[in-house]
Amino acid sequence: MRESLFARLGDLSGVAVLDLYAGTGALGVEAVSRGADSLVCVEQAPLCLAALRANLAELGLGPTVRVIADDAVRAVRRLGRSSQRFDLVLMDPPYVSAEAPRALEALVEAGVLAEGATVVLESGRRHPVAAAAGLVRVDERRYGETVLTRWVAASGRSSGGRGDT
């Protein structure tokens, strides 16, 4: 599933990545390994944070990746106030929660999406998530019980392999 996602995203050179609900950091680290220039990981769960930091340290990425230990929506709002913009947002929230719609809305409202930004959401097949206003669905793929949905910021144009199907 991860290989398929990153094959569709294409070249990530020069891309600023936000990994929301980062968990152990697998998606964000994959983006960096494929050329992303910067990575911000947001995770709230203490055990996941410990694993994330350990993985980043083991890979020598600790000093170059910013880790925010906070609620995803609150972190997105803070990032918006600091004028940070992201070309790619990777989201893997708990499937059985109201987190995904809240986070999608926060991304748009906080203004953290760069022109042509792509947002990728991993969700459960039984828990569909509608896009927030300001996002246009580009692609949706099912992998067993998991669904990967890709959106592009509506106000921007799709750039390179990141937003095209």
*Please report the closest heavy-atom contact between W151 and L121, naming both atoms and the distance.*
CZ3-CB, 3.5 Å
*Distance-minimising heavy-atom pair for Y143 and S4*: OH-OG, 2.8 Å
*Supply the atom-to-atom distance L9 CG to T118 OG1, rounded to the nearest 0.5 angstrom.*
6.5 Å
_Heavy-atom closest contact (E122 atom, P93 atom, distance)_ = O-CD, 3.7 Å
*Grab the two heavy atoms, one from V108 and one from A133, that are nearest each other, plus how far apart they are.*
CG1-O, 3.4 Å
*Evaluate the side-chain proximity of E3 to R8: yes if any heavy-atom separation is below 4.5 Å, no if none is.*
no
_Within-4.5 Å side-chain heavy-atom neighbours: R137 and R150_ = no
_Could you walk me through whether V65 and C41 satisfy the side chain to side chain contact (heavy atoms under 4.5 Å, CB included) test, starting with their C-alpha distance in whole Å, then the side-chain angles of each, then the deciding distance to 0.1 Å, before giving a yes or no?_
CA-CA 7 Å; V65 175; C41 293; 4.0 Å; yes
*Determine, for D139 against R141, whether the closest basic-nitrogen to carboxylate-oxygen distance falls under 4.0 angstrom.*
yes
*Looking at CD of Q44 and CG of D70, how far apart are the two atoms once the value is rounded to the nearest 0.5 Å?*
6.5 Å
*asked:* So, applying side chain to side chain contact (heavy atoms under 4.5 Å, CB included) with L20, which one of D92, L27, V119, V76 is it?
replied: V76
*Are L88 and V136 connected in a single hydrophobic cluster, I mean Ile/Leu/Val/Met/Phe/Trp/Tyr linked by side-chain heavy atoms less than 4.5 Å apart?*
no
*Before accepting this row, confirm whether a basic side-chain N of the pair E140/R125 lies closer than 4.0 Å to the acidic partner's carboxylate O.*
no
*Please lay out, stage by stage, how F86 and V40 fare under the test side chain to side chain contact (heavy atoms under 4.5 Å, CB included).*
CA-CA 9 Å; F86 298 93; V40 174; 3.8 Å; yes
*Answer yes when R34 and D11 have at least one side-chain N-carboxylate O distance shorter than 4.0 Å, and no when they do not.*
no
*asked:* Under the criterion side chain to side chain contact (heavy atoms under 4.5 Å, CB included), I'd like the reasoning laid out for E30 against R2: C-alpha separation, chi angles, the key distance, then a yes or no.
replied: CA-CA 9 Å; E30 184 73 23; R2 188 180 329 152; 4.0 Å; yes
_How close do T24 and A51 get, counting heavy atoms only, and between which atoms?_
CG2-CB, 3.9 Å
*Pairs where residues 50-61 contributes a residue and the test side-chain hydrogen bond (donor to acceptor under 3.5 Å, both in side chains) is met, not counting sequence neighbours*: none
*Report the C-alpha distance between L49 and V67 in whole Å, list the side-chain angles of each, state the deciding distance to 0.1 Å, and finish with yes or no for side chain to side chain contact (heavy atoms under 4.5 Å, CB included).*
CA-CA 8 Å; L49 275 167; V67 175; 3.8 Å; yes
*Same cluster (ILVMFWY, side-chain, under 4.5 Å), M91 and V73*: no
*Taking all atoms of both residues into account, what is the closest heavy-atom pair of V112 and L79, and its distance?*
CG1-C, 3.9 Å
*Verify the cluster assignment for V147 and V120: are they in a single hydrophobic cluster under the rule of side-chain heavy atoms below 4.5 Å apart?*
no
*Drop me the distance from L39's CG to L18's CG, to the nearest 0.5 angstrom.*
8.5 Å
_side chain to side chain contact (heavy atoms under 4.5 Å, CB included) against T64, all qualifying residues, sequence neighbours excluded_ = L61
*Under the side-chain hydrogen bond (donor to acceptor under 3.5 Å, both in side chains) rule, what pairs show up with a residue in residues 96-113, not counting sequence neighbours?*
Y21-E99, E99-R102
*Shared hydrophobic cluster, L5 / V15 (ILVMFWY, side-chain heavy atoms < 4.5 Å)*: yes
*asked:* Whether the side chain of D19 engages the backbone of G28 through a donor-acceptor N/O pair (distance < 3.5 Å, no angle test) should be reported.
replied: yes
